[in-house]
Amino acid sequence: MLHKLFRSICCSCSTPSPLQIHSAPSFSSSIQHLEEKIAFLIRKCPDMRALRQIHGHLLRNPFICPFPSLTFALSKVLGFCALSSSGDISYAGRLFDVIPQPNVFSWNSMIRGYSQAQNQSMAPIKLYKRMLCSGCAIPNSYTIAFVLKACSNGSAYAEGRQVHSHAYRYGLDSSSFVQTGLMNFYAKCEEIASARAVFDGIHGKNLVAWSAMISGYARIGMANESLGLFREMQEVGLSPDEVTMVSVISACAKAGALGLGRWIHSFVKRKGITADLVLSTALIDMYSKCGLIKKAKEVFDEMVDMDTMAWSTMIVGFATHGLVEDALNLFSRMIESKVKPNQVTFLGVLSACAHSGLVSHGRRFWSAMQDSGIPPRWNITAAWSTSSVEPASSTKRSPSPAGCPSTQTS
DNA sequence: GTAGGGTTAG
């Protein structure tokens, strides 16, 4: 089926003759047509099995897919393997290693793919270093944003600062995606003053920039600053969305600001902001932490689809309030609903058992937890290299501006 | 000329 489809697509895009190649508009149009077809085919690709067939066709029939279309096609194949939920990052890695001169799209797909993959915390930054050293592709705003995300996830502060200076040197620091990436990176590394410096330097801040800063303050418990910025955002005429509201609700939860939290909840309703899964979970947490467990349960009961985090938040809430029976009953309902518990869920039920001296129940949950493959302890280690990351050549600008770190590591 | 940023539980 796929074979036939591929054949028909490729046959409909005839290989340009030498005459056509000299006739630039015709050649260019033919190439573009072929690339559109290949992109379509990969976009519709259901799984790795089909993707491997497409990849095989490309390699076996280079005459129907000449350079530069082969480069384009391979970067599309790579993008699917590295980024799609039905992709395969190890296949992407093997493919990437045999591409002679990967283009910037391929580098970016791999950097982003490794950032999203489990147990690959070192890989994105190593790859970024390889990209800079290779000198065959210049980072763009996508590269910088993806690497910054990887640095945020891995709390790789030294590397992130270097990436900041690279953003400046390559003239990419005016990209809104890079700016948001920088704010998030600094906020996640608890360098909130640096995050704020980036935020203050943005001209024409959009909703994402405001939300990122509000979230940065909320995350480290600076509730007043978070809520103050939320007010300021509205004063400049920007309307918050559900993502902004989640951070604001989280700030109320951390501050134990029930009055404000209730006002925010009514604000969400009044403005018609969708109380999606994440926002509802944030509300449950806020009401629970502010002592209003009944209201938390009301929000939970109104939810249609609950994930592990929503169930766990409610279970932990009950446990914290000493409502042991409610916590254990909810855990049973969660299992009946076929939602998989995680370490936080078990922490909730075990803490409920501890509060009420239910030793035998506790032992059963302890065994069930280990049977589920959840170890009693887990470590999240940021195994990042602290070695220097330097571009191979070509700096666009120097020296660094105020607030932008030097590229040299001490 | 392929693609992207801000959100929740311990």
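Source: prediction; values computed, not measured. Protein chains get the first letters and strands the later ones, always in sequence-line order, with residue 1 at the start of each.
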Has [X] got a side-chain N or O lying under 4.0 Å from the OP1 or OP2 atom of [N]?
X: A:R112; N: B:dA3; answer: no
X: A:K149; N: B:dG6; answer: yes
X: A:S176; N: B:dG5; answer: no
X: A:N184; N: B:dG6; answer: yes

key: Near-strand residues of residues 283-294 of chain A, defined as heavy-atom separation under 4.0 angstrom from DNA chain B   =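 Heavy-atom contacts with DNA chain B come from A:D285, A:K289.
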key: Sub-4.0 Å heavy-atom contacts from residues 248-275 of chain A onto DNA chain B, ordered by number   =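 Listed by number, there are none.
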Name the closest nucleotide to the [X] side chain, picking from [options].
X: A:T313; options: B:dA3, B:dT8, B:dA9; value: B:dA9
X: A:A282; options: B:dA3, B:dT8, B:dG6; value: B:dT8
X: A:N108; options: B:dG5, B:dT8, B:dA3; value: B:dA3
X: A:S141; options: B:dG5, B:dG4, B:dA9; value: B:dG4
X: A:V246; options: B:dT7, B:dG6, B:dA9; value: B:dT7
X: A:A212; options: B:dG6, B:dG1, B:dT8; value: B:dG6
X: A:R219; options: B:dA9, B:dT7, B:dG5; value: B:dT7
X: A:S312; options: B:dG4, B:dG1, B:dA9; value: B:dA9
X: A:N140; options: B:dG1, B:dA3, B:dT7; value: B:dA3
X: A:T281; options: B:dT8, B:dG6, B:dA9; value: B:dT8

query = Please give, in whole Å, the distance from B:dA3 P to A:Y114 OH?
reply =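 The distance from OH of A:Y114 to P of B:dA3 comes to 21 Å, rounded to the nearest Å.
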Could you tell me if [Y] and [X] have a donor-acceptor pair between their side chains, going purely by distance under 3.5 Å?
X: A:R219; Y: A:S215; value: yes
X: A:N103; Y: A:S106; value: yes
X: A:R196; Y: A:Y217; value: yes
X: A:S288; Y: A:D285; value: no

ask   = What about A:H164 and A:F185, are their ring centers closer than 6.0 Å?
value =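 Centroid distance A:H164-A:F185: not below 6.0 Å, so no.
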inquiry  = So that I know where these two stand, are A:Y128 and A:W107 an aromatic pair - ring centroids less than 6.0 Å apart?
reply    =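 Distance test on ring centres: not under 6.0 Å, no.
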Do [X] side-chain and [N] base share a donor-acceptor contact under 3.5 Å?
X: A:S247; N: B:dG6; answer: no
X: A:S215; N: B:dG6; answer: no
X: A:N206; N: B:dG6; answer: no

Face-to-face stacking of A:Y142 with B:dG4, centres under 5.5 angstrom, angle under 30° =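 Whether judged by distance or by angle, A:Y142 passes, so it stacks on the base of B:dG4.
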query = Does A:F146 lie flat on the base of B:dG4, that is, centres under 5.5 Å apart and planes under 30° off?
reply =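 Given the distance and angle limits, no, they do not stack.
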query = If you measure from the Lys or Arg side-chain nitrogens to the Asp or Glu carboxylate oxygens, is any gap between A:E336 and A:R333 under 4.0 Å?
reply =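 So A:E336 does not pair with A:R333 through a salt bridge.
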ask   = Which of parallel (below 30°), tilted (30 to 60°) and perpendicular (above 60°) describes A:Y170 and A:H166?
value =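 It falls in the perpendicular class, over 60°.
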request  = For a ring-ring contact (aromatic ring centres under 6.0 Å, His included) with A:W311, tell me which candidate from A:F346, A:F300, A:F318, A:F331 qualifies.
outcome  =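 The passing option is A:F300.
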Side chain A:S337, main chain A:V339, donor-acceptor under 3.5 Å =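 Pair absent, no side-chain N/O of A:S337 close to backbone of A:V339.
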